[in-house]
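First the structure, in the form of C-alpha cells, and then the observations on it.
Every chain is numbered from 1 and lettered A, B, ... according to where its sequence line falls, protein lines coming before strand lines. Worth saying up front: this structure is predicted, and the values here are computed from it rather than measured. The figures here come from the full heavy-atom set of this structure, side chains too, leaving out hydrogens, waters and symmetry mates.
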Number of protein chains: 2
Amino acid sequence: MLNLNWLQTFVTLVDTGHFTHTAEKLFMTQPGVSQHINKLESACGHALILREKKSFDLTEQGRLVYQYAQQLLMSEQHLFEQLIFDNPDEGECKLACSGALALMLYPKLLSVQAEHRKLVMQLKAAPNHEILNAINTGDIDLGIVTNMSSDAQKSSDFTVEQVGHEALCLILPVKYEAQPITEQLLIDLGLISHPDAKHYLSLYFSQSQLPFFTNTRLEEIPKTGFVNQINQILLPVAKGLGFTVLPQSIVDSFNDQESLTIFKPDKPVIEMLYLVKKRNRVLPARFEQVSSLIKSSLLAQIE
Amino acid sequence: MLNLNWLQTFVTLVDTGHFTHTAEKLFMTQPGVSQHINKLESACGHALILREKKSFDLTEQGRLVYQYAQQLLMSEQHLFEQLIFDNPDEGECKLACSGALALMLYPKLLSVQAEHRKLVMQLKAAPNHEILNAINTGDIDLGIVTNMSSDAQKSSDFTVEQVGHEALCLILPVKYEAQPITEQLLIDLGLISHPDAKHYLSLYFSQSQLPFFTNTRLEEIPKTGFVNQINQILLPVAKGLGFTVLPQSIVDSFNDQESLTIFKPDKPVIEMLYLVKKRNRVLPARFEQVSSLIKSSLLAQIE
DNA sequence: TGTTATTGATAATTTTTTGTTATGAGGTGG
DNA sequence: CCACCTCATAACAAAAAATTATCAATAACA
C-alpha cells in the first residue's frame, strides 16, 4: 500500500526537482526524502525516477504515480473540507417513497437540484417495508411511508414524523357511475392490480365502512390486470377492464378523467404519511431543504 | 494525513459490522482494529462510528469517510493495474505540431479515440520552439517540428526522427497569375501574416533560389493582415489583400482555390518534418499506434 | 585545472509508530 | 445465572521511520 507521506514527498520532489529543497519544504532531512522515494519505488515495484548526474527524469510509471498522487492529495483535501463544513447545497440525498408520491415529488426535487448542481437527488419508489428496510441499512437517508403499524416492533429504530395524509379512491369505469357498489359487482369487474394494490384495498375496506371483504376474502377478487407503472394503472380502468384503488393524486393527474368514476364512501378513506429516518441519525444540512420541501408539498396537496 | 491501512480497516469494519471479524479478515488482532479506528477518527477530527451496545452506527462523517475510502482503494488498485500493464488503448497522448499539420492530423487522431474511448488525444498547435520546450518539461509527449537546427545545441536532449516533408507554397491572389514575381510586387502587395509566417518566409526565400530578400530585409514587407486561425489565412489572399506562404496541405484544403495562384519556383521548397520526443524517454505502448498513424499520414501526403 | 561547495546516497543510531499479548468491563444467549 | 462473546485499555515488543554522520560524485569558480 502506498503511504500518503511518500506520495506527498514524491510530488514535492517532482515539483521542485530537488531533493534538498524538498526536504526543507516538508520540514524533514534530505536522507528522509531519499528513503521516501526508495520506499515508494519498491512499493510500486517500478523505478519512478531516472537519476542522472544531479537531476532526474520521470519514468512513465513515475508520471502515472505523480498524476495519481496529485489527484489523491486534492481529494483528501476535499474530504476534509466536507468533514468540517456541512455544505447544505452539496451531496447526495437518497430518498424513497411510494410510486404515487414519487410522481408528485420528483419534479420538485429536480428543480432544487437544478439550482444546486452538486446536490444530487436520488428518489426510489418502493413499497413500505422495503423503504423501512433500506433506511435501516443506510441505503436510504429519508423515506415517506404510510403505515408504521405493521413494522411497529421495529419502530424504535426509526424517527417518525407525520407529514400529511392522502385520500384513497376506489375507481371504476365510468359506465358504473349510476350503479350502487356491491361486493359482487367488484368481483365481476375484477381488480387492476399494482404493487400497492393489496395494501390500499385492505386499508380502503377496513376504513370505508363498506360491509365488503373481510381481509381473508380479498384474495377472491379476480385480477384482470397488473402494471407497475404508476401513471398507467388507470388506463385499463378507463377502458372498462376492471376497478382499482389509488391515492387521489394519481387520479387527479390522469388525462382521461371522463372515463372514470370515483366512488364516494360515507366516510372518506385517508392514509397517513410519515417522514421516516433512522433513529439517532442526524442528517446533514442538505436534508433541511429537502424535508421542508416534502412537508410543504404534502400540505399543499391536502388543501 | 489519512493512513491507507486505517481506511482499509475502516471499510472492512463497516462492511462486516464486526471488529473481531474485521481483524480476522485482515490478518490482524482485534485491538489493532480498535486502534486503527481510533487513529482514523482523531486524524479526521470527528467520530466516525457511534458505538452502542455491541453494534455501531455510522456518523455522517463516517459515511463520507467510508465513501472516500472505497473510492481511494479502488483507484489505487487501478493505478497498480496501470503500472504493471501498459494498456495500448488507454491513457493520454499529449501531442503538439504546427497548425497546418494539426488541421490534417486531429481528425485522424479523433477517429482512433472514437474506437478506444479511454485513449484521450490532446493535440496542441504551437510554434517549433514552444513544442521543443514543452517536450523538455514533459508537458508534451510527442511533437512534430520542422527545423531542429536553431535549437541544435539542445538537440542532444531529444530523440529525433525524420517522418516526412511538406512543400511550402508562395500564394498570391489569382489576378497576378500571368505576372512575373518581383521583389517590388511582393512589397506592394503586402504579407498576410500568421504565427509561422516569418519562419516560412525565410525558409522559402533561402531555398527557392529567388534572388529576393536577404534575411535582414524580410522585415520590410508590409503586413496587410494577420490571423492565427490556420484555415482562415487564405481568405484575405483570395480577396486580393496580400500574399502569404503556407504548406501545400493548407492550400489544398482551401475552398476557393480559383481565387488563388501558386507561384512555381525553379526549385521546390521543402521543409522537413521531424518526430521528436524527449531523449531516454520510453513512451508507453499507446504511442505505438499514434506515431505510426502520424508517419503514415505524412507519407500519404507526400504522394 | 585544481579547489571548494553542493548534491544525493548510504550506514548506523535514535525515535516514533504500530502491532501484539494480557486483561477487564459490559452485554448476550442458553 | 453462568458461560460466552465483543470491544476497550494498558503494557510491552516489534517494526518502521527519522535523524545524524559520512562519503562519492558532480558542478562552480577562481
Side-chain angles (χ1 to χ4, degrees), chain A residues 1-59 62 65-66 69 73 153-154 156-157 279-280, chain B residues 1-59 62 65-66 69 73 153-154 156-157 279-280:
Chain A
M1 274 189 174
L2 302 187
N3 184 319
L4 215 60
N5 290 305
W6 305 344
L7 290 174
Q8 172 69 75
T9 305
F10 179 62
V11 168
T12 312
L13 176 68
V14 174
D15 290 342
T16 62
H18 216 276
F19 281 71
T20 311
H21 295 171
T22 300
E24 286 165 6
K25 219 170 180 177
L26 300 178
F27 304 103
M28 55 198 287
T29 57
Q30 171 266 312
V33 176
S34 291
Q35 285 179 1
H36 275 194
I37 303 304
N38 286 337
K39 281 171 186 164
L40 188 60
E41 285 188 320
S42 70
C44 289
H46 293 273
L48 301 179
I49 59 177
L50 288 175
R51 294 145 226 257
E52 40 182 290
K53 314 259 167 96
K54 299 239 152 170
S55 70
F56 61 85
D57 270 324
L58 280 179
T59 64
V65 173
Y66 177 72
L73 295 170
Q153 76 282 7
K154 279 183 175 181
S156 61
D157 292 345
R279 201 171 68 91
N280 290 336
Chain B
M1 275 190 173
L2 303 186
N3 184 318
L4 214 61
N5 291 305
W6 306 342
L7 290 174
Q8 172 68 76
T9 305
F10 180 61
V11 167
T12 312
L13 176 68
V14 173
D15 290 341
T16 62
H18 214 277
F19 281 70
T20 310
H21 295 170
T22 300
E24 287 166 5
K25 221 170 178 175
L26 299 179
F27 304 104
M28 55 198 287
T29 57
Q30 169 267 311
V33 176
S34 291
Q35 285 179 355
H36 275 194
I37 303 304
N38 285 338
K39 281 171 185 165
L40 188 62
E41 285 187 320
S42 70
C44 289
H46 292 273
L48 301 179
I49 59 176
L50 288 175
R51 294 144 225 260
E52 41 181 290
K53 315 252 169 103
K54 298 239 152 172
S55 69
F56 61 85
D57 270 324
L58 280 179
T59 63
V65 173
Y66 177 73
L73 295 170
Q153 77 282 5
K154 279 183 173 179
S156 61
D157 293 347
R279 202 171 68 90
N280 290 335

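- Here OG1 of T9(A) is found 10.5 Å from CZ of F19(A). Values are rounded to the nearest 0.5 Å.
- Under 3.5 Å, the side chains of E24(A) and T20(A) contain no donor-acceptor pair of N or O atoms.
- A side chain to side chain contact (heavy atoms under 4.5 Å, CB included) with F10(B) is found for one member of L48(B), L2(B), N5(B), V33(B) and no other, namely L48(B).
- Spacing between atom CD of E24(B) and atom C1' of dG19(C) amounts to 17 Å, rounded to whole angstrom units.
- With rounding to the nearest 0.5 Å, the separation of CE in M1(A) from CG in L73(B) is 5.5 Å.
- Atom-to-atom distance recorded for M28(A):CE and T22(A):OG1 is 9.0 Å, nearest 0.5 angstrom.
- One distance of note links CD1 of I49(B) with CD1 of I37(B); it measures 6.0 Å at 0.5 Å rounding.
- H36(A) NE2 to N3(A) CG: the interatomic distance, rounded to the nearest 0.5 Å, is 6.5 Å.
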What verdict does the salt bridge (Lys or Arg N to Asp or Glu O under 4.0 Å) test give for E52(A) and R279(B), after you've listed the backbone C-alpha separation in whole Å, the side-chain angles of each residue and the deciding distance to 0.1 Å? CA-CA 13 Å; E52(A) 40 182 290; R279(B) 202 171 68 90; 5.3 Å; no

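- Taken to the nearest 0.5 Å, the CD atom of Q35(B) stands 9.5 Å off from the CD atom of Q30(B).
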How would you summarise protein contacts on nucleotides 8-17 of chain C per nucleotide, using B for base, S for sugar-phosphate only and - for none, with heavy-atom distances below 4.0 Å? BBB-------

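- Note on the helix from dT1(C)-dA30(D) to dG30(C)-dC1(D): angle between the axes of the first and last five pairs equals 30°, rounded to 10 degrees.
- Between C44(B) and V65(B), the closest heavy-atom pair is SG-CG2, 3.9 Å.
- Bounding nucleotides for the chain B contact on DNA chain D, 5' to 3', at a heavy-atom distance below 4.0 Å, are dC5(D) to dT9(D).
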